[in-house]
Amino acid sequence: MNLFQKLLNTSILLALAVSMTACVSTVLDVDNKANQPIAANLVSDMKKRKMTPADPVLVRIFKDESELEIWKRDRTGRYALLKTFPMCRWSGKLGPKTKEGDRQAPEGFYHVSAGMLNPNSQYYLSFNLGYPNKLESALGYTGDALMVHGACTSAGCYALTDAGVAQIYAIVREAIRGGQSSFQVQAFPFRMTPENMARNRNDPNFDFWKNLKQGYDILEVTGRQPQVSYCGRRYVFDAAFEGGNPRNPLASCPPLLSAEDDVVAARRVSDERKMESILASGTVVSIHAYSDGGMHPSFRKLLKSRGAKALAQTASLNNVPVSRPDAALADPHTPGE
C-alpha cells in the first residue's frame with residue numbers, strides 16, 4: 001500500500017469517527033448524565049447576553065402556561081431570562097400544595113442547594129424544590145420529595161422530559177459549582193399579569209396569589225432576586241425588620257425598617273388599577289378548570305395526534321408512561337385565551 005493510499009484510508013477512518021461522535025452527541029448520555037456539559041447553543045446565548053456558565057441562576061415555574069424559565073445574572077448584576085422550557089406534565093389544579101397525596105404541585109418560593117440535586121433520579125435527573133418551606137411547615141402543610149424531573153409523569157412534581165431536565169440540570173449545576181450556594185425557585189399558578197389576576201379574582205387562593213405577586217414584581221421590575229422572609233402567615237419580600245429577621249412565620253410581623261421600592265410599588269399600583277378596569281369592563285375571560293394538571297400545548301398536540309405511548313417515547317429514554325393522559329387532554333386550552 002503506497003503512502004497516498006495510507007493517508008486516504010486514515011482520512012476516511014477519521015471522518016467516520018467524527019461522524020459517529022456527532023451522532024452519539026445527539027443522544028442523551030445515560031452513564032454520565034449528571035456531568036453532561038451545557039448545550040453549546042445555550043453557552044453561546046449566555047455569551048451574547050454577557051453571562052457565563054458560572055453566573056448565578058434563578059428558576060420560575062408557571063402552571064397555567066406549563067413553562068419553566070431559567071434566569072441568569074449578567075455583568076450588570078441583574079437577572080435576565082435565558083431560556084423558557086415547555087413543561088410536559090404537572091398534576092393537580094391551580095393553587096398551593098397543602099397535604100400529602102393531594103396531587104398538587106407546589107406554589108411558592110423555594111431555595112435549592114447542591115445536596116438537593118439528584119443525579120440518580122428514577123426520572124433521569126431531578127432536583128428537590130424543598131417543599132414544605134419554612135412558611136408551609138409552620139402552616140402544617142405536608143408532603144415531601146416534590147421535584148423538577150424528566151419524563152412526562154407527575155404526582156405533585158414538575159416534569160420537563162429527559163432532554164429538558166438535562167439542559168436545566170447542567171445550567172443549575174454549573175451555577176452552584178461557580179459559587180452560588182443555592183438558587184431560588186419561584187413557582188406560580190400563572191404569569192401574574194393584571195389580566196390573569198382579574199380572570200382568577202374569585203378564586204379562594206386569590207389573596208395567596210396577591211402575596212406571591214409581590215415577589216414576582218420585584219424580579220420583573222428590577223431584575224433582582226427578591227429576598228424572602230416569613231411572618232404574619234405570609235411571604236414578606238425585601239424587608240428589614242426591627243430586631244432582625246422574624247423566626248415565627250405565624251406571628252405578626254415586627255415593625256419594618258425598610259420601605260417598598262418606589263418602582264416596584266408603582267408597578268403594583270398600576271397593575272391593581274388595570275385589574276380593576278378589566279373587571280369593571282366585564283370582558284374577563286373565564287378561568288380554566290383543570291381535571292388533573294396541565295401540559296404545554298406542544299406536548300398536548302403530540303399526545304392528541306399520536307397517543308400516550310408516542311409521547312412517552314419522546315419524553316423519556318426508558319418510555320416512562322404519561323400520567324393520566326385523558327386528564328391532560330380534558331382542558332385543551334391555549335394559555336391566554
Side-chain angles (χ1 to χ4, degrees), residues 26-30 33-34 36 39 59-70 83-95 97 101-107 112 117-129 131 143-172 185 187-190 288-335:
T26 64
V27 180
L28 289 175
D29 186 340
V30 178
K33 57 187 177 181
Q36 293 177 90
V59 173
R60 295 203 306 184
I61 297 171
F62 299 98
K63 285 182 177 177
D64 201 36
E65 293 82 0
S66 294
E67 291 180 340
L68 181 149
E69 296 177 344
I70 295 285
K83 182 170 181 177
T84 301
F85 293 86
M87 195 183 309
C88 196
R89 200 74 176 94
W90 59 271
S91 60
K93 305 179 187 301
L94 301 187
K97 182 176 185 65
D102 61 6
R103 293 188 61 79
Q104 286 291 99
E107 295 173 9
V112 179
L117 273 59
N118 182 8
N120 301 309
S121 172
Q122 63 177 318
Y123 299 126
Y124 195 67
L125 292 166
S126 67
F127 60 81
N128 194 320
L129 287 171
Y131 171 93
D144 60 8
L146 278 302
M147 304 281 186
V148 169
H149 59 59
C152 193
T153 185
S154 171
C157 296
Y158 294 108
L160 274 296
T161 77
D162 290 5
V165 80
Q167 292 190 56
I168 295 164
Y169 192 96
I171 295 169
V172 301
V185 178
F188 299 107
F190 40 75
H288 305 297
Y290 287 95
S291 175
D292 181 18
M295 175 181 286
H296 191 271
S298 59
F299 295 116
R300 187 182 291 112
K301 182 178 180 180
L302 176 58
L303 174 62
K304 187 174 183 179
S305 63
R306 298 184 56 197
K309 287 185 177 180
L311 178 54
Q313 291 172 352
T314 300
S316 66
L317 293 177
N318 52 351
N319 299 335
V320 175
V322 177
S323 60
R324 303 194 179 186
D326 292 342
L329 293 174
D331 181 35
H333 70 276
T334 299

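Quick caveat, the model's predicted, so the values are computed rather than measured.
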Check: Leu146 and Lys97 side chains under 4.5 Å, non-hydrogen atoms:
yes
Using a 4.5 Å cut-off on heavy atoms from C-beta on, say whether the side chain of Leu303 contacts that of Leu329.
yes
Any side-chain heavy atom of Val172 sitting closer than 4.5 Å to one from Val112?
no
Residues Trp90, Cys157; criterion side-chain contact (heavy atoms from CB on, under 4.5 Å); working and verdict:
CA-CA 6 Å; Trp90 59 271; Cys157 296; over 6 Å; no
Shortest non-hydrogen contact from Ala187 toward Tyr158:
CB-OH, 4.2 Å
Look only at the side chain of Glu65 and the backbone of Phe190, and say whether a donor-acceptor pair between them is shorter than 3.5 Å.
no
Okay, side chain of Glu69, backbone of Val59: is any donor-acceptor separation there less than 3.5 Å?
no
Steps toward side-chain contact (heavy atoms from CB on, under 4.5 Å) verdict (Asp64, Tyr290)
CA-CA 9 Å; Asp64 201 36; Tyr290 287 95; 2.3 Å; yes
Would you compute the distance between atom OG1 of Thr84 and atom CZ of Arg60 and round it to the nearest 0.5 angstrom?
8.5 Å
Separation of Leu68 CG from Lys83 NZ (nearest 0.5 Å):
11.0 Å
For the student: nearest non-hydrogen atoms of Gly156 and Ser91, plus distance
N-OG, 2.6 Å
Atom pair OH (Tyr169) and OG (Ser126), whose distance is rounded to the nearest 0.5 Å:
7.5 Å
Step by step, would you call Gln36 with Gln167 a side-chain contact (heavy atoms from CB on, under 4.5 Å)?
CA-CA 9 Å; Gln36 293 177 90; Gln167 292 190 56; over 6 Å; no
Can you measure from SG (Cys152) to CE (Met87) and round to the nearest 0.5 angstrom?
11.0 Å
What one should report as the nearest heavy-atom pair of Thr153 and Ser323 is OG1-CB, 3.2 Å
Sub-6.0 Å ring centroid separation between Phe188 and Phe62
yes
Let me see the working for Lys33 and Tyr124 under side-chain contact (heavy atoms from CB on, under 4.5 Å), right down to the final yes or no.
CA-CA 8 Å; Lys33 57 187 177 181; Tyr124 195 67; 3.4 Å; yes
Would you say the side chain of Asp162 lies within less than 4.5 Å of the side chain of Val320, judging by non-hydrogen atoms?
no
For Ala328 versus Met295, what's the shortest heavy-atom pair and its separation?
CB-CE, 3.7 Å
For the residue pair Leu129 and Val185, what are the closest heavy atoms and their distance?
CD2-CG1, 3.6 Å
Between the CG atom in Leu302 and the NE2 atom in His296, the distance rounded to the nearest 0.5 Å is 13.0 Å
Do Phe127 and Ile168 touch side chain to side chain, with heavy atoms closer than 4.5 Å?
yes
Glu107/Lys63 salt bridge by N-O under 4.0 Å criterion
yes
Nearest heavy-atom pair of Cys88 and Thr161: which atoms, and what distance?
CB-CG2, 3.8 Å
Ile61 CD1 to Ser66 OG distance, which is reported to the nearest 0.5 Å
11.0 Å
Quick one: does any side-chain atom of Asp292 pair with a main-chain N or O of Ala327 as donor and acceptor, under 3.5 Å?
no
Relative to each other, are the rings of Tyr123 and His149 parallel, tilted or perpendicular (30° and 60° limits)?
tilted
Side-chain (Arg89) to main-chain (Gly294) donor-acceptor, under 3.5 angstrom:
yes
Is any side-chain heavy atom of Arg306 closer than 4.5 Å to a side-chain heavy atom of Lys301?
no
